[in-house]
Protein chains: 2
Amino acid sequence: MSRQADTPGSFDIDADYKPLRDRVRDELRQRIIDDVYPPGTRLVETEIAAQLGVSRLPVRESIRALESEGFVRTIPRRGAVVAELSEQDVEELFDVREALEVLASQQAATRATKAELRRVRGILDRARKALDSGDRVALGEANEAFHDEILKLSHNVLLQTVLEPLQGRLHWLLRQTGDPYDLFEEHSAWFEAIASGSAELAAEHALRHARLNREIVRKLLAERQHRAPSA
Amino acid sequence: MSRQADTPGSFDIDADYKPLRDRVRDELRQRIIDDVYPPGTRLVETEIAAQLGVSRLPVRESIRALESEGFVRTIPRRGAVVAELSEQDVEELFDVREALEVLASQQAATRATKAELRRVRGILDRARKALDSGDRVALGEANEAFHDEILKLSHNVLLQTVLEPLQGRLHWLLRQTGDPYDLFEEHSAWFEAIASGSAELAAEHALRHARLNREIVRKLLAERQHRAPSA
DNA sequence: ATTAGGGATACGGTATACAGGATCCTAAGA
DNA sequence: TCTTAGGATCCTGTATACCGTATCCCTAAT
C-alpha cells in the first residue's frame with residue numbers, strides 16, 4: 001500500500017519514491033556501520049559508482065550527506081575517508097546526545113500516545129526475548145530501535161533530524177567497541193518513567209542512562225586502546 | 001606507512017581554498033537570510049547556475065547542503081523552495097536551541113580562556129556602542145556574533161557544528177520578525193555568569209536568556225500573524 | 001466554469017571531458 | 001643507502017550535453 005492518509009484532492013504521488021542519492025547514502029552508511037568500510041577507508045567516487053552501477057553524481061551527493069552526518073571527513077581535492085572517532089569526538093558525541101536525549105525524554109513523557117507506548121513496549125519485549133535466547137545481534141537491534149522510538153515519542157521533528165545521525169554514530173561506535181551489553185533493566189525503568197507522564201522523572205532517567213552508557217563506552221575504549229597500543 | 005601529520009617540510013597547501021560548492025552555498029544562505037529569497041521562493045538550479053556563472057553541479061550540491069541545514073525544503077522531482085517556518089518549527093528550534101545552548105554555556109564556563117573572554121567582552125562593547133548610537137544593524141550583528149562566540153568558548157566542535165545552523169535559522173527568523181531589540185543587559189549578565197567559571201550559574205543564565213528570547217519571538221510572530229491574517 | 005489535453009519546464013540521473021592538485025613511483029644524485 | 005627531483009597517474013572539481021519523466025501551466029472544448 002503506497003499512499004497514506006492523504007488530503008482530499010491529492011492524487012497518487014508515488015509516495016515511496018526515493019531519489020537514488022538517498023538510497024546510495026543509506027547503502028554507504030550501512031556499510032560504514034557494518035564495518036565494511038572501516039575508519040580510515042578512502043571512499044573513491046568512481047569506484048563506488050562503478051560498484052553500485054550508478055554514475056558519480058549520486059555518489060558525490062551521498063558522500064556530502066554522510067559528511068554532514070559525521071560519518072566521513074572530506075579534505076578538499078583529496079576526497080573522503082571514513083571518519084575515525086577520536087576520544088574527544090566520542091566525548092562530544094555523548095555531551096550532545098545527553099542534552100538532547102534528556103529533552104526528547106521530557107517531551108516524550110508529555111506527548112506520547114497510548115498506542116505509541118504500546119509499540120515501544122513491544123520493542124522492549126523483543127529485547128527481552130533476544131536477551132533470553134542470547135541473540136546478541138537481535139539484542140543490539142532492539143536496543144537501537146528502542147532509542148529511535150523514544151525519539152519519535154518526542155513528536156519533535158527537528159530533534160529527530162538532529163539526534164538521529166548522532167545516534168547512528170553512537171551505534172556505530174558501540175559495534176566497533178564490543179557487543180551489546182545488557183541494557184534491558186535500564187531501558188525498562190527509563191521507559192516506565194516516560195510512560196508515567198512525568199517529564200521530570202523521564203529527564204532524570206534519560207540522564208542517568210546516558211551517563212551510564214558513556215561510562216561503559218569509555219571503559220570499552222580504554223580496553224581497546226590497551227589491546228591495540230598507539231596505531 | 002603513509003605520511004600524516006608530516007611536519008617539517010609541510011608546504012603550504014593552499015589553505016584558504018574553498019570549493020565552489022561552498023562558496024555558492026554561502027552565497028545562497030546569505031541571500032535567504034537577507035530575504036533576497038523570501039520563504040516560498042523556488043530555487044531553480046539552472047537559473048541560479050546561470051546567474052552565478054557556474055554549472056548546475058555546485059548549485060545542486062549547495063541546495064542539498066542548505067536542505068540539511070534546514071533553510072530549504074526539497075520535494076522530490078519538484079525542486080527546492082526556501083523554507084517557511086511554521087509555528088511548530090519555531091518552537092522546535094527553540095526547544096533544541098535551549099538544550100544545546102545550556103550545554104554550550106556550561107562548557108564555556110569551565111573551558112574558556114582569559115583571551116577568549118576578552119574577545120567576547122569586546123563584542124559586548126561593540127553592542128553597547130551600537131546601542132548607544134542607535135545602529136540597529138550593527139546591534140543585530142553584534143548580538144549574533146555574541147552567540148557565536150559563546151558557542152566557540154565551549155570548545156566543543158560537535159556542538160558548534162550542530163548548533164550553528166540552528167542559530168543561523170534563528171537569526172534569519174529574527175530578521176524576518178522585526179528588528180534587534182535590546183539584549184545588551186541580558187547578554188552582559190549571561191557573559192558574567194560564564195566568566196565567573198560556574199557551570200551552574202552559566203547554565204541558569206543560558207536557560208533564562210533562551211526562554212526570554214523565545215517569548216519575544218512568540219510575541220513578534222503573533223503580531224505578524226495579526227497584521228497578515230491567514231495567507 | 002470546469003475539465004481534459006498538451007506542451008513547456010525543470011528535476012533526477014547518465015555520460016563524457018578535462019584541468020590541476022595530490023600521490024606514487026622511479027631513477028638520478030649525494 | 002638514503003634522499004630527492006621529476007614525471008606518470010589517480011582522482012576530485014567542475015563543465016557540458018543530453019534524456020526520461022514528473023509537474024505545472026495554459027488553452028481549448030464541453
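Atom-to-atom, CZ of A:Arg78 to P of D:dT9 comes out at 22 Å; the value is rounded to the nearest Å. The distance from atom CD1 of A:Ile48 to atom C1' of D:dC11 is 12 Å, rounded to the nearest whole Å. Look at CD on B:Glu67: it is 13 Å from C1' on C:dC11, rounded to the nearest Å. When rounded to the nearest whole Å, the span between CZ of B:Arg56 and P of C:dG12 equals 8 Å. Rounded to whole Å, atom C1' of C:dT14 lies 15 Å from atom CG of A:Leu52. Residue B:Arg60 contributes atom CZ, which lies 14 Å from atom C1' of D:dT16 at whole-angstrom precision. What separates CD of B:Glu45 from C1' of D:dA22 is a distance of 14 Å, to the nearest Å. Remark: C1' of C:dC11 and CG of A:Leu57 are 12 Å apart, rounded to the nearest angstrom.
With hydrogens and angles ignored, the 3.5 Å screen pairs no side-chain donor or acceptor of A:Arg73 with any backbone N or O of A:Val81. No donor-acceptor pair closer than 3.5 Å links the side chain of A:Glu45 to the backbone N or O of A:Val59. A side-chain donor-acceptor contact under 3.5 Å links A:Ser62 to the backbone of A:Arg21. Not one N or O on the side chain of A:Asn213 forms a donor-acceptor pair closer than 3.5 Å with the backbone of A:Ala210.
Using a 4.5 Å cut-off on side-chain heavy atoms (C-beta onward), B:Glu47 and B:Arg42 make no contact.
Listed nucleotides D:dC11, D:dT14, D:dA15 differ in distance to B:Tyr17; the shortest reach to its side chain belongs to D:dT14.
The existence of a salt bridge linking B:Glu215 and B:Arg218 is confirmed by a sub-4.0 Å separation between a basic side-chain nitrogen and an acidic carboxylate oxygen. Salt-bridge check for B:Arg23 with B:Asp26: failed, with every basic side-chain N at 4.0 Å or more from each acidic carboxylate O.
Using a 4.0 Å heavy-atom criterion, one finds that B:Ile63 contacts no nucleic acid atom at all.
Comparing A:Gly53 and A:Pro76 by the nucleotide of DNA chain C whose heavy atom lies nearest to each, the residue mapping closer to the 5' end is A:Gly53.
Not a single donor-acceptor pair, N or O on each side, falls under 3.5 Å between the base of D:dG20 and the side chain of B:Arg77.
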Trace of the side-chain hydrogen bond (donor to acceptor under 3.5 Å, both in side chains) decision for A:His155 with A:Glu116
CA-CA 11 Å; A:His155 290 255; A:Glu116 287 171 328; 2.9 Å; yes

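Between the side chains of B:Glu92 and B:Gln88, at least one donor-acceptor pair of N or O atoms lies under 3.5 Å.
The stretch residues 20-29 of chain A touches DNA chain C through A:Leu20, A:Arg21, each having a heavy atom under 4.0 angstrom from the strand.
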Would you list the protein and nucleotides 6-8 of chain C atom pairs, both N or O, that sit under 3.5 Å from each other?
none

